[in-house]
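Notes to accompany the following structure.
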Amino acid sequence: MAEAQADDERNIAEGVDEDVVEDNRRIFEDWRYMTVAVAAGLYAAFHMAALTGLSISSVTGIEIPYLPRFPMETWNFRIVHVAGALILGFLFYAPTAFPEDESGETRMLGLIGLALAVPALMSLGVAIWFALQINSGVQWTGLDPTIKFRETWLFGAPLWIATAGSIALGWFHRRVRSGFAIPDLVMCICSIAVAAYLIAIYSTLMRNSTGTPFAPIGISMAAVAGSALILEMTRRVAGLALVVISAIFLAYVFTGQYLPGFLNSPPIEWGRFFSQLYTDAGILGPTTAVSSTYIILFIIFAAFLQASKVGDYFVNFAFALAGKARGGPAKVAIFASGLMGMINGTSAGNVVATGSLTIPLMKKVGYKRKTAGAIEAAASTGGQIVPPIMGAGAFIMAEITGIPYTEIAIAAILPAILYFVSVYFMVDFEAAKLGMEGMNEDEIPKFSALVKKIYLFIPIVMLIVALFMGYSVIRAGVYATLAAVVVSWLTAHRMGPRKIAKAFEMGGVMSIQIIAVCACAGIIVGVISLTGVGARFSSVLLGLASTSQLLALFFAMCISILLGMGMPTTAAYAVAASVVAPGLVQLDIQPLTAHFFVFYFAVLSAITPPVALASYAAAGISGSNAMETSVTSFKIGISAFIVPFMFFYNAAILMDGTWFEIIRAALTSVVGVYLLSAGVQGWFLDARASWITRIALMGAALALIEGGIASDLMGAALVAIAVASAKLIRGGSDRGSEASTT
């Protein structure tokens, strides 16, 4: 009896919810672990309290000095949000990967680190002194020479010395993986000093002086140090790609006056620029606004799902549904990665979470290493466009465009379906060409057993229902998180106080990367808005459109992919939306269509060579060549590159039209994706297709893009040609084989 029950509850997915530890992430023990665990948990809990308006004083009615009162002032909340992520990041992530031998720290470098702590503490102390003076009524202005001297030499100079010195020293300082590194602790102090000063200044009316001669020099000096800390943190958690792009944009601020053509910009004084960079025109702008509200909330939600082992259930459910299909594990990867990637904020992170299970199984049933990795990369990337969360992209789009979130989520339904349909067809045709079969019934979980636990989908369903009932995103996210706790009580992974605390800790750690990336993207957005290069880029698109609108769209596609390479989804879209989307809107393209066009290609940059983060992560798991995997993932997702042009030419794909128009657009676009996939893979009517058939199929697919009657009829005619040529060639080969047999 017990054996039969165990067989019914057979699980393939185990460990999907386990935390993935990067090569440069520290693993603490004893009191150090307790210290960072409490810090991470409090950081996540602080955001949950701030977003829901709960505090000790609001619950008990007792006012406790120096504790935050909610709701917090917006700029102060975002400053604390960024500073907290930097502090946690420097505690958890080392500048480089840990060596296998883990030799101890160099004593002399440790002493230098202690020496750098002196100016760091000095800048922090002076920032607090300034705050006390301002609070006591001292008039603060950038024109006062005494204040300028104090800000420059007592606050700014020590802060720069400590920041630059600790970043440089971090590269050479060696420390065991379980210990704190002194240079990183210095950077934590610098992060606090930047936040303390900016909160003190912005709490007065001095925020209105940014970009003017009245702005205190300390704002600019704090912004320089803060930007350097953000760039260093981004390099540690997301690699060099985004850092290099940010550095190029920053260099453009001061070199644009020497560049020709539309790149030429007026000269900008460094103090004026940086006094505006750490405001809502840059780092504290749309990307941080979203990361400090929606993204952090859904990261906490994902952490609660992870702590209750719901991720394992999602993957097992996908195996039960698709495991027996042709090339089963590849189909499983599509479903599982779509579910997990919707919540996960990065394509590469989703690859690591689900690919460690699906890639080995794909290799086992016959897929080549590069193909197995490519399928997982393409599937994980697609999760970023699946509503309702869309890897947090939907919330950034709503913040930037002002379009209601529910309208964006509804518009995303058909593009997401088309993406996964295209990947499914490509995978299925590949399995057919290789003569693959599905997994055996005794190798996969039993669907009947998993259906009994269908209630584990309740948190996701509740989130979707709450959003479309008109609840705010924050309230819907909180309800879904509470539902995850309640649902866990029906499983073996019941969440009590200890597991809830662990979930908050996981949420704090998981948020580090995406918050650092969003802050870094804010630097780029700030450069674009403060230099006006985005408007000049729009004029270039207008010029191209006068020649050919399709050429302008193709150029916009290339720039969106180029800007998105090496970035997580949120940063890729935020940057591309600042540069490309305004130009498309000036072409009289609807804002929703323009931003979806940009968003789609920014997401696809994760599988576009030469810099394809999702493909590189998958190659590391599959053991294949990274470039070969990225090229293969590009091929698997090639049909998806046509989808944005589909909804440009046919707005019904974005749910803009009558029901008849939407249904017809859905049917013709699915058929078009099928035909394009068949043409690319060379497989049609359960047989290999000739070049004539493949050309006809691809021509038919392109004809179905526009969605008009004439183009649909042309597509139908080309399909008829493809069918006739396929049957004619197959009939000739069959007669030839019969003759040879005779």
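Y252 contributes no side-chain N or O that, together with a main-chain N or O of A247, makes up a donor-acceptor pair within less than 3.5 Å. At distances below 3.5 Å, not a single donor-acceptor pair connects side-chain atoms of T210 with backbone N or O atoms of Q276. Using modelled atom types, no side-chain atom of T279 and backbone atom of S275 make a donor-acceptor pair closer than 3.5 Å. A donor-acceptor pair under 3.5 Å is absent between the side-chain atoms of E628 and the main chain of K370, judged by distance alone. Listed for the R236 side chain is a donor-acceptor partner under 3.5 Å among the backbone atoms of Y93. S308 contributes a side-chain N or O that, together with a main-chain N or O of L305, makes up a donor-acceptor pair within less than 3.5 Å. When atom types are taken as modelled, the side chain of R235 and the backbone of L242 share no donor-acceptor pair closer than 3.5 angstrom. The backbone N or O of Y419 sits less than 3.5 Å from a side-chain atom of S422, completing a donor-acceptor pair. Looking only at distances, no side-chain donor or acceptor of N24 sits under 3.5 Å from a matching main-chain atom of T96. The backbone N or O of G179 lies less than 3.5 Å from a partner atom in the side chain of R26, making a donor-acceptor pair.
Ring geometry for F298 against F395 counts as parallel: the plane angle stays under 30°, on a 0 to 90° scale with 60° as the upper cut.
Between the OG1 atom in T608 and the CD1 atom in I561 there is a gap of 4.5 Å [rounded to 0.5 Å]. Put simply, OG on S191 and CG on L159 are 9.5 Å apart, with the number rounded to the nearest 0.5 Å. Here the straight-line distance linking atom CD1 of I300 with atom CG of L51 works out to 7.5 Å at 0.5 Å rounding. Taking SG of C190 as the start and CG of L86 as the end, the distance is 11.0 Å to the nearest 0.5 Å. One distance of note links OH of Y600 with OG of S560; it measures 14.0 Å at 0.5 Å rounding. A distance of 6.5 Å separates CZ in F420 from CD1 in I385, rounded to the nearest 0.5 Å.
Using modelled atom types and a 3.5 Å distance limit, the side chains of E29 and S178 yield no donor-acceptor pair. Looking only at atom types and distance, the side chain of T371 has no donor-acceptor partner in the side chain of T632 under 3.5 Å away. Defined by atom type and a distance below 3.5 Å, a donor-acceptor pair is missing between the side-chain atoms of H47 and S292. When only modelled atom types and interatomic distance are considered, S615 and S630 share no side-chain donor-acceptor pair under 3.5 Å. Using a 3.5 Å distance cut-off with no hydrogens or angles, the side chains of E505 and Y33 do pair a donor with an acceptor.
Residues T163 and A225 approach most closely at OG1-CB, 3.8 Å, considering heavy atoms. The nearest pair of heavy atoms linking F92 to V509 is CZ-CG2, 3.7 Å. In this structure, I607 and A614 approach most closely via the heavy-atom pair CG2-CB, 4.4 Å. Counting all heavy atoms, side chain and backbone alike, A556 lies closest to V580 at CB-CG1, 3.5 Å. Here the closest heavy-atom approach between residue A581 and residue A577 is recorded as CB-O, 3.3 Å. Residues C520 and L231 come closest through the heavy atom pair SG-CD2, 3.6 Å.
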Worked verdict on F77 versus F46 for side chain to side chain contact (heavy atoms under 4.5 Å, CB included):
CA-CA 10 Å; F77 177 60; F46 158 77; 3.8 Å; yes
Quick one: do Y294 and Y405 satisfy ring-ring contact (aromatic ring centres under 6.0 Å, His included)? Show the steps, please.
CA-CA 11 Å; Y294 309 132; Y405 163 79; 7.8 Å; no
Working note: S624 + T629, criterion side chain to side chain donor-acceptor pair (under 3.5 Å); need CA distance, chi angles, decisive distance, verdict.
CA-CA 7 Å; S624 59; T629 303; 2.5 Å; yes
Determine, stepwise, if the pair E232 / F90 fulfils side chain to side chain contact (heavy atoms under 4.5 Å, CB included).
CA-CA 9 Å; E232 171 62 12; F90 289 126; 4.0 Å; yes
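The side-chain contact (heavy atoms from CB on, under 4.5 Å) with I514 is formed by just one residue from the set T287, I296, I295; it is I295.
Separation of the Y278 and F274 ring centroids does not fall under the 6.0 Å cut-off. Aromatic pair Y43/F504: ring centres not closer than 6.0 Å.
Atom CZ of R369 sits in a sparse spot, with 12 or fewer heavy atoms from other residues, nucleotides or ligands closer than 6.0 Å.
Ion pairing of D23 with R177 is absent here, as no side-chain N (NZ or NE/NH1/NH2) approaches a carboxylate O to less than 4.0 Å.
By the 4.5 Å heavy-atom criterion applied to side chains, M397 and F596 are counted as neighbours.
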